[in-house]
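In this chain, numbering begins with 1 at the start of the sequence shown. Every number for a ligand or one of its atoms is a count from 1 in the order of the listing. Side chains are part of it too, since the values below use all heavy atoms of this structure and drop only hydrogens, waters and symmetry mates.
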Amino acid sequence: MKQAIRAAAPLTLFLASMAWPGAAIAGPDTALSIDHLREKALTDSTAWKLVEQLTTLFGARPAGSPSEQAAALWGAATLRDMGFAHAAAEPFALETWEPGTYFATIVAPNPQQLVVTPLGGTTGASVEAFAAVFPTYAAFKAATPEALAGKIAVVLEAIPRTQDGSGYSRAIAIRMNGAREAAERGAVGYLMRGLGTQKERTANGGAARPEKTPFPAFALAPPDAEQLGRLARLGPVRLRLSSSAGWTGKSRSHNVVAEIDGRDPAAKAILVSAHLDSWEQGTGAVDDGFGIAVVTAAAKLVRDLPVRPRRTIRIVWFGAEEVSQPEPVNTFAGARAYAARHATATPPLALVAESDGGAGRVLRLAIGAPENGDLVVRLRSALSPLGVSVLAEAPRAGGPDISVLQATGIPAFRLFQDASSQFDTHHNANDVLSAIDPAALSQNVAAWAVSLWLIADSEDPDPAAPR
Ligand SMILES: [Zn+2]
């Protein structure tokens, strides 16, 4: 069956190298072969089918939920059917959090309903109090306990739209730490402007520091944050917050794994990844069904070539990326479970990568390899038709889940995407299939496919050793 599948692949690819696989990327037809792989990737429908099926069959996939579990089992079967080796869903224990039912409303001067979502990992309660409103997080941080005691703290800072996503990265402490900082100074609740750039009335949720002490904490939809700000400038505002959000007990999540066995057992492996779980409001199409589809479709294109890559390629769909764990407080439970389970796996990992940067086009590949070495020269030539530049420098942060593997000393490579629109749908109800531009999806698949082939086939014993 394997032979039949391979025979169906376009045999013009790497034909000259079949007799001597070691010469696969050094032969005279290299440029042509890479061109074929890139062009095939641009018209391949695998990624779209994957993200469409994932988001349609399972909808939202909160970490540890029945939908995330069902999606993981489907994922392992799908990867097996696609011809990958060693496909499996590897379970790990997880405490689950649910948003419950909730509302936030202005009580006075006149009743108005607010669009909110509870911050992930917080525990709800019902309170009514006057608002202490701050235009920025810095102003909130500088507030005295007297200014906050008995009040609902409200932080209205907006994030700017940026191509590199730095507007979000700089503001993430507002969501991660704000509720706890408000509680510590005697506030009775916390509201923040959701970390999004959309105009629509949907609130951008996401993880805060896990907390089992009841303290209602919400993100506001950006238009609702602006409304509250205008009202607060006119006089005192009284709010009522109520939520049943909280920790619901022990469950299981899974990492879905599969491989393309490399042809050189002595060569270190490459790991490519994305995360399967999502927040509950949308269907996790952009975050991170897009990433799942891109890395899987790119790996499938490489798998279907007539020559196996020199290095083993491991595909991982991480579970439970989004919500932190309470006891002990921890992030990236799936990546931690993977690192523990595969610490001594052979071959060891040479490089890790992750696609979890929205649904924008790839702008740049960063990899720690010699500036004028073969690998970088080949990557530049293969990626430039896609509008992707190559930076011969290892990225400091490769991605959220793989930060766990990077912390053990394994270097990353990264395909940086245009993040200009990422925070229009990030962790809100707009994160659905229609938010994905099929052309940008194809461009991602093509960039990943040629990068994956060239990196995994590199003759360099350790192409991305830190230097
Ligand atoms: Zn994500």
Side-chain angles (χ1 to χ4, degrees), residues 47 50-51 54-55 58-65 67-68 71-72 75 94 97 117 119-121 159 164-169 171-172 175-176 194-198 204-208 219 253-256 272-296 315-325 331-336 338 352-360 362 395 397-406 412 414-419 421-433 435-436 440-441 444 448:
L50 275 173
V51 69
L54 175 66
T55 56
F58 306 103
R61 304 171 300 283
S65 68
S67 341
E68 194 215 28
L94 191 78
W97 176 88
T117 193
L119 297 188
I159 64 163
D164 64 359
S166 58
Y168 173 75
S169 321
I172 202 160
R175 196 187 72 218
M176 289 303 297
L195 302 180
T197 46
Q198 78 280 4
N204 313 74
S253 177
H254 301 78
N255 294 318
V256 182
V272 294
S273 65
H275 68 85
L276 186 58
D277 63 314
S278 77
W279 288 102
E280 75 286 350
Q281 296 187 83
T283 60
V286 173
D287 185 9
D288 188 20
F290 184 95
I292 293 278
V294 166
V295 299
T296 307
I315 300 144
V316 184
W317 300 0
F318 287 111
E321 186 270 351
E322 294 285 12
V323 76
S324 303
Q325 286 289 280
T331 49
F332 312 129
R336 279 172 209 286
Y338 182 89
V352 292
E354 177 169 354
S355 173
D356 186 18
V362 176
D401 274 315
I402 60 164
S403 67
V404 172
L405 295 165
Q406 281 189 280
R414 182 164 177 178
L415 284 87
F416 287 92
Q417 293 166 256
D418 184 341
S421 304
Q422 184 182 359
F423 298 94
D424 289 345
T425 62
H426 194 248
H427 301 175
N428 72 27
N430 290 340
D431 185 356
V432 291
L433 191 62
I436 294 178
L441 181 67
N444 273 257
W448 275 86

Novice: I want to check something: taking the side chain as every heavy atom from C-beta on, are Val316 and Ile402 in contact at a cut-off of under 4.5 Å?
Specialist: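 Counting from C-beta outward, Val316 and Ile402 never come under 4.5 Å.
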Novice: Looking only at heavy atoms, what is the nearest atom pair of Ile436 and Ala359, with distance?
Specialist: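 The answer is CG1-CB, 4.4 Å.
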Novice: On the 0 to 90° scale, with breaks at 30° and 60°, tag the Phe423-Tyr168 ring pair as parallel, tilted or perpendicular.
Specialist: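 Taking Tyr168 first and then Phe423, their aromatic rings lie parallel (interplane angle under 30°).
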Novice: Which pair of non-hydrogen atoms, one from Gly284 and one from Ser278, has the smallest distance, and what is that distance?
Specialist: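 Gly284 and Ser278 have their closest heavy atoms at CA-CB, 3.6 Å.
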Novice: Restricting to under 2.8 Å, identify the protein N, O or S atoms around the Zn ion (ligand 1) as residue plus atom.
Specialist: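 The answer is His275 NE2, Asp287 OD1, Asp356 OD1, Asp356 OD2.
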Novice: Going through the distances and angles, do Phe318 and Asp288 end up as a side chain to side chain contact (heavy atoms under 4.5 Å, CB included)?
Specialist: CA-CA 10 Å; Phe318 287 111; Asp288 188 20; over 6 Å; no
Novice: What's the shortest heavy-atom distance between Arg175 and Gly206, and which atoms?
Specialist: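 Result for this residue pair: NE-C, 3.3 Å.
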